[in-house]
2 protein chains.
Amino acid sequence: MPNAELTATITDAEWRVMRIVWTLGEADSHTIIDILSRQHDWKAATIKTLIGRLVKKGALGTTKDGRQYIYHPLIAEQAAMDTALTTELNQMCAMCRGKAFVHAIDETTLSQDDIRTLISHLQAKLTTAPTAVSCDCLPADYEGSC
Amino acid sequence: MPNAELTATITDAEWRVMRIVWTLGEADSHTIIDILSRQHDWKAATIKTLIGRLVKKGALGTTKDGRQYIYHPLIAEQAAMDTALTTELNQMCAMCRGKAFVHAIDETTLSQDDIRTLISHLQAKLTTAPTAVSCDCLPADYEGSC
DNA sequence: ACTCATCGTTTACAGTTGTAAACTGAATTT
DNA sequence: AAATTCAGTTTACAACTGTAAACGATGAGT
């Protein structure tokens with residue numbers, strides 16, 4: 001059950017490895033290398049490096065299986081995604097986040113269920129939402145807006 | 001009018017600089033350094049480096065004003081945010097993006113107008129949305145789901 | 001004219017990331 | 001037992017990042 005708190009961050013390339021292991025639940029390096037060396041054109045050595053780094057930073061755990069290891073996630077996929085997205089958003093101007101969401105949602109394929117969930121969360125939010133969100137890019141003694 | 005297509009990416013630290021210039025519309029280095037050296041505890045030299053890199057990579061333009069420069073954005077803030085968010089999302093499993101949105105929206109303060117816009121976009125999307133979005137983490141010949 | 005304060009540019013340097021070859025030890029084959 | 005084959009580990013290396021000191025030119029004050 002993956003749930004550890006990750007110290008380091010997972011890089012873009014490492015993210016590809018995690019997606020394979022998250023989806024399969026667990027995988028040996030042969031499988032990971034087989035899939036990734038086709039998806040991208042990465043050499044086996046490259047993928048081995050990424051796996052090694054993920055183990056070292058605590059994102060993947062290992063179970064010995066004879067000569068080789070079986071890798072499994074130590075962090076949950078949804079939690080990693082949530083954190084990555086929130087971190088990205090928090091870096092942006094608070095005032096502009098809403099429009100960024102609109103754009104992202106327009107660009108993303110979502111299931112009917114996801115859309116209904118989103119609508120209901122948004123409707124609930126509406127009752128307590130502020131009239132406006134102000135720009136937080138400047139210290140208090142400067143004024144301005146995006 | 002900022003609109004250029006950016007070749008390189010803007011890093012986290014550089015993003016802080018851009019937010020100042022985006023918000024003020026234009027700024028001299030003294031202003032940028034004044035604000036940022038307080039927000040973080042960056043030395044003036046650090047901020048100068050970041051400004052220089054942003055000019056070199058085409059994110060900031062300059063206008064000479066006597067001995068110094070006035071910096072102005074060459075790329076639009078909303079476009080940069082949209083791209084950053086979409087890029088981040090596209091790196092994740094398609095099946096899990098909806099839940100990531102739900103989490104992000106729960107965590108983000110949005111204005112009533114933003115929420116209404118989001119709801120209306122979502123309602124429009126609902127009519128053509130698929131029943132489910134499947135996992136795209138593996139090649140076709142492997143099966144599996146997040 | 002000389003000195004001082006600046007502003008922008010150069011140089012610095014360690015850590016991270018992408019990309020991969022080389023090596024090492026154990027298991028499998030002959 | 002020797003040779004071969006992998007799986008994992010070490011080493012490599014350039015580019016990018018965060019962080020900053022040092023330097024050089026130019027305008028301002030004396």
| said: Main chain of M18(A), side chain of E77(A): is a donor-acceptor contact present, judged purely on distance under 3.5 Å? | reply: no
| query | Which listed nucleotide (dC7(C), dA12(D), dA20(C)) is nearest to the side chain of R53(A)? | reply | dA12(D)
| said: Whether T46(A) contacts dA20(C) is assessed here as follows: a side-chain N or O lying under 4.0 Å from the phosphate OP1 or OP2. Is that the case? | reply: yes
| Counting any heavy atom closer than 4.0 Å, what does T11(B) reach on the DNA or RNA strands: base, sugar-phosphate only, or nothing? | sugar-phosphate
| said: Can you measure K57(A) atom NZ to dT17(C) atom C1' for me and round it to whole angstrom units? | reply: 9 Å
| task | Give a yes or no on whether H40(A) atom NE2 has more than 12 heavy-atom contacts from other residues, nucleotides or ligands under 6.0 Å away. | result | yes
| message | Whole angstroms only, please: what is the NZ-P distance between K64(A) and dA7(D)? | response | 13 Å
| request: Rounded off to whole Å, could you give me the CG-to-P distance for the L50(B) and dA21(D) pair? | output: 14 Å
| For T9(B) and dT17(D), is the shortest distance between a side-chain N/O and OP1 or OP2 below 4.0 Å? | yes
| task | Could you check how far CD1 of I32(B) sits from P of dG8(C), rounded to whole Å? | result | 9 Å
| said: Can you work out whether D28(B) or D41(A) has the more 5'-proximal nearest nucleotide on DNA chain C? | reply: D28(B)
| query | What is the distance, rounded to the nearest whole Å, between atom OH of Y71(B) and atom P of dC7(C)? | reply | 10 Å
| remark: Taken to the nearest whole Å, OH/Y69(B) to P/dG27(D) is 12 Å
| Does a side-chain N or O from S29(B) land closer than 4.0 Å to OP1 or OP2 of dG8(C), or not? | yes
| Contact under 4.0 Å: W42(B) side-chain N or O vs dG18(D) OP1/OP2 | no
| Ionic contact status for D136(B) with R19(A), cut-off 4.0 Å | yes
| So, does the side chain of R67(A) form a donor-acceptor pair with the base of dG25(C) at under 3.5 Å? | no
| d(CD1, I47(B); P, dT17(D)) in whole Å | 18 Å
| message | Parallel, tilted or perpendicular, judged at 30° and 60°: which one describes the rings of W15(A) and W22(A)? | response | perpendicular
| field | Whole-Å gap separating C1' (dT9(D)) and NZ (K48(A)) | value | 9 Å
| Residue whose nearest DNA chain C nucleotide is more 5′ - A45(B) or E14(A) | A45(B)
| said: On a heavy-atom basis, which atom in E14(B) and which in L50(B) lie closest, and how many Å separate them? | reply: CG-CD2, 4.0 Å
